[in-house]
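Predicted model only: the values in this text are computed from it and were never measured. First the proteins, then the strands, lettered A, B, ... as listed; each starts at 1.
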Amino acid sequence: MARRITFMKAINEGLDMAMEKDDRVILLGEDIAGGATVDHLSKDNEDAWGGVFGVTKGLMPKYGRERVIDTPISEMGYMGASVGAAATGLRPVPELMFNDFIGFCLDTLLAQGSKMRYMFGGKAKIPMTVRTCHGAGASAAAQHSGSYYGMLASIPGIKVVVPSNPYDAKGLLISAIEDDNVVVFSEDKTLYGIKDEVPEEYYKVEIGKAKVKREGTDLTIVTIGKMLYVALEVADRLAKDGVDVEVIDLITVAPWDQETVINSVKKTGRLIIIDEANPHNNTATDIASVVGDQAFDYLDGPIKKVCAPNTPVPFATNLEQLYLPDADRVIETAAELIDDLKK
Amino acid sequence: MEKLSKERAEWIYKKMNDIRNFEDEVHQIFSTGSIPGFVHLYAGEEAIATGVCAHLTDKDYITSTHRGHGHCIAKGCDLDKMMAEIYGKETGLCKGKGGSMHIADIDKGMLGANGMVGGGFPIAIGAALRNKYLKTDDVAVCFFGDGAANEGTFHESINMASIWKLPVVFVNENNSYGEATPQTYASGSKHIADRAPAYGIPGETVDGKDLMAVYEAAGKAIDRARKGEGPTLIECVTYRNYGHFEGDEQKYKAKEGKEKELADRDCIPEFRKYATAKKLLSAKKADQIEKSSVEDIEHAIKFAEESPIPKPESLYEDVFVD
Amino acid sequence: MATEIIMPKLGLTMTEGTVYEWVKNEGDEVKKGDVVATISSEKLTADVDAPADGTLIKILVHEGEDAKCQAPIGYIGAAGEAVGEGGAEETAPQEAAPVAEQTQPQAAEQQPVMQQGSETQDRVFITPLARKIAGEKGFDYHQIKGTGGNGRITKRDVENYVPTAQPVGASTTASTAGAGLTGMRQIIAQRMMSSLQNTAQVTLQLKADITNLMAFRKDLKQKVNQPLVDGQLSLTTLVTKAAILALKDTPEMNAWYHDGHYEKVTDINIGMAVAVADGLVVPVVKSAGSMTLTELGKSLNTAITDARDGTLDSSAYSGGTFTISNLGKSGVEYFTPVINQPEIGILGVGTLLKELVLSDEGKIKQLLKLPLSLTFDHQIIDGAPAADFLAEIVSYLEDPYTLML
């Protein structure tokens, strides 16, 4: 029986074990230790923060400031430096504090890291894992709450993973760091506190493989990250009406697991996708399009997307709750797909 | 810093000629339509790439710019494969998938020409961070134009290189115009090197047409970097013989005055004159080098023209490491 | 200004016809009333007369092609007159087709013209999966009720569907029947296929002892002492009369089942299957219930003769409520006549048989027996009442006096 630890601790442990295993792994980011060069902290080999959420707490004291590098507030500088370090043999894990800051440093992913291998005829390897966080629900307002994993997933040459639970978070992070490609590891900041069983050993969760979290025959719900919990609630509620829901945690947004999703839709004939990203050109849209194409003859109803509205994330708590997809919204939005299944 | 040896002088003279011949030929061929895409030529700036790279080994890294052919040649990239790449051929350094703006050869420490103005700064400090982290005495050199000096990456990267004392040298090639805009218009500081003290690093402006001036400034800066004393900013004042890109009318270039004087100077005969006077290069050897350089470029063109185009399936290859 | 030659509407249920033959060619002069073309519909072949004097300037619908009723099939105008492109297009037969019927390429589309406005009701929503399963099971999904969102037919609806009643001729399968055939042959093929696919046909067989009837008939003929030219006492007339009397006793059988609606009909309209040179037609004697034997005999004679000659008015082929088919001349005893939809019953009359029986007195006696085959639609009528109905016919035939009333 594994211990129960938080999502945040699972990530910390994944980083720790990856750093222990391979000294080419270095961390860069703003205040991922904090208090650099401050005498009284240096004397006791202490970090000040360990990241703005404390995810990297304790790693600097263990591995030193050479490997846990506090950067100036210079996203394009350290994200680009990570590309350069990766291209020359290190395995950097930069932390982009909020995925909303991608605007400052998009070039490093869009035009550099993702394309080098291709542009250079296969000679470069960019083994870099960008840790970042997304998600509404923390009253962090419009510039610190967005979900842009889908936007990054549209760039060829980048893998994007979105773990939903502590077990996957640790295993996926280790897989990402071992991967020789640019991997964006997007953490939902509102999940940092959830606890679950996590093995103590070094283990990997496969990138590109979705997980069926609940088997069912009537309706498939595909989720990304935290939306898993919304789907599980929907499944519980619909079970009372005799509707047998299959829930798939996509886990990897790029490249997403078409086989698992399409096989499920072939079984159930019905599909709802819950994606916290804004609704247009997001991952849900892509899934709907691929399923509509590849599984057309198996569809027993329209594909339903349940996403955030096409607005920035509002600050006021009530508005933010309205913004986030929840079970009521799923059941309401997809009523025409659900109602006739009820017994 | 090592004094310029006879052997190094010959190497420099060969590279300078290779760059000039390569670029003049590309200019010619481009006008015939045989080369697709955008091409930005380095001719006129040869003293900088060669004067800096004369101090580097294959283990040192450089980042380059969209005007990168000269850096590639100076860093030791194969001329045949470079030309094939510019032609978009399967035998190119990047299998025909990079082209003029993305020629790279990681084995030679050449981290790529870069289509993004200012894109090289953070990559160079990343390579320097790697060198420092692995406790090597290898350095990284970031070549950048006067236009790139006004990108945000300049600030972030030089600042970080300074605070972490990274083994990196920032070599500015101030060829007077960022695209079609004069450097004097686009920069608040008169000289780009004037900004160095603000980051707490040494800065120096040198005559970029003078091989020896570049060679000596770069030598000092690279030594400093190898010794772990941190980055240096060198501004080399130069001029490009051609336009920003092939097809540029160059209406902005001055027809007389100081700019015209700079434009009319040619670093290659200047260096030949200097080197022969200093007995670093015999006239006979210089002639030989000039001849063999022409032959090498002709060979490269023939190689490129005779090479096959990439196979269709290569479209899908090398997006990811499998 | 050119005059349109239109596809005539011959009877209530005709929605389109096929041009069988153009008698006149483009450029021929015609007089009003001249036959210019022959068309065939589901029941018959008919001539189309020139609507005006002039020249046949344009044939729009060529031989073998279909046109909706009332749609132009050609134009008569002044020699050399051109039919405007726009005009011709506006009235082209395809344009006249109701939207909902465009998916049915062949002439067999039998939706009444009155329903042209109801196309939105005809748009059936069905999921890709349900459509696929319905196709695999051979279901006409138009018959399946959708319970999904927007009334959409889902997999569950198809799986729960039990194919039962289907409206006459609406079946996709039936409408593709007769493919490759033309004219009357195609129409017969479609109607026969539709009938067999859309009804639950059961045939009952029973012999009527008409020894007394034949004796009575002979007696009567002698007493009248003049030729009964109208066929008042022909066996066909007498059997028809018996059927009419039985239908009066069992009004459930005098009915239509059409488009999912079962409807008893007040009038008794008897259809009589008649073999003609290139097929089979069923002229109808309307309001036969109130006819005397003479009137009935006369009407049947006229209908049969005119049908064979092809001179019967087209409306005389529709409206039947019960059909009689006689194969007696061919020596057939029993057979399984096919219901003439939307009717729900058809009586097959076999050949007259002589049978020897032992009388109550122990004597050998010859009887005249008439084998009868009743096909009924089990969707509407069950076996027992249908058997009663057949027995009713038999009892009338066995009791000549009741036939005369």
Can you check whether [X] reaches [Y] side chain to side chain, under 4.5 Å on heavy atoms?
X     : Y      : result
A:M79 : B:E156 : no
B:L93 : A:K123 : yes
A:I69 : B:L129 : yes

To the nearest 0.5 Å, tell me how far [X] [atom1] sits from [Y] [atom2].
X      : Y      : atom1 : atom2 : value
A:M116 : B:L111 : CE    : CG    : 6.5 Å
B:N114 : A:K115 : CG    : NZ    : 11.5 Å
B:I163 : A:D70  : CD1   : CG    : 9.5 Å

Tell me, out of A:A85, A:S74, A:G89, who's got the most heavy-atom pairs with chain B below 4.5 Å.
->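 The candidate making the most pairs under 4.5 Å is A:S74.
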Based on non-hydrogen pairs under 4.5 Å, which of A:L28, A:D23, A:V83 is most in contact with chain B?
->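 That would be A:D23.
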Contact summary for B:I106 and A:A124, nearest pair of heavy atoms |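 Of all heavy-atom pairs spanning B:I106 and A:A124, the closest is CD1-CB, 3.5 Å.
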Taking [atom1] in [X] as the centre, count heavy atoms belonging to other residues, nucleotides or ligands within less than 6.0 Å. Is the count above 12?
X      : atom1 : answer
A:D44  : CG    : yes
A:K62  : NZ    : yes
A:F104 : CZ    : no
A:K211 : NZ    : yes
A:E66  : CD    : no
A:K209 : NZ    : yes
B:F38  : CZ    : no
B:L134 : CG    : yes

Just by modelled atom types, is the A:R117 backbone N or O under 3.5 Å from a matching donor or acceptor in the B:D318 side chain?
->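 Absent.
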Exam field: side chain A:Y118 to backbone B:L315, donor-acceptor pair closer than 3.5 Å |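 Yes, A:Y118 side chain to B:L315 backbone: donor-acceptor pair under 3.5 Å.
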Which atoms of [X] approach chain A - backbone, side chain, both or neither, heavy atom under 4.5 Å:
X      : value
B:N131 : neither
B:S314 : backbone
B:I158 : neither
B:L166 : neither
B:D322 : neither

Mind ranking B:P122, B:A127, B:G112 by heavy-atom pairs under 4.5 Å with chain A and telling me who comes out on top?
->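 When all of B:P122, B:A127, B:G112 are compared, B:P122 has the most.
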Would you check if there is a donor-acceptor pair between the side chains of B:Y133 and A:R24 at a distance under 3.5 Å?
->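 No, B:Y133 and A:R24 have no side-chain donor paired with an acceptor closer than 3.5 Å.
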Between A:I126 and chain B, which part of the residue has a heavy atom less than 4.5 Å away: side chain, backbone, both or neither?
->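 For A:I126, there is no contact with chain B at all, as no heavy atom is under 4.5 Å.
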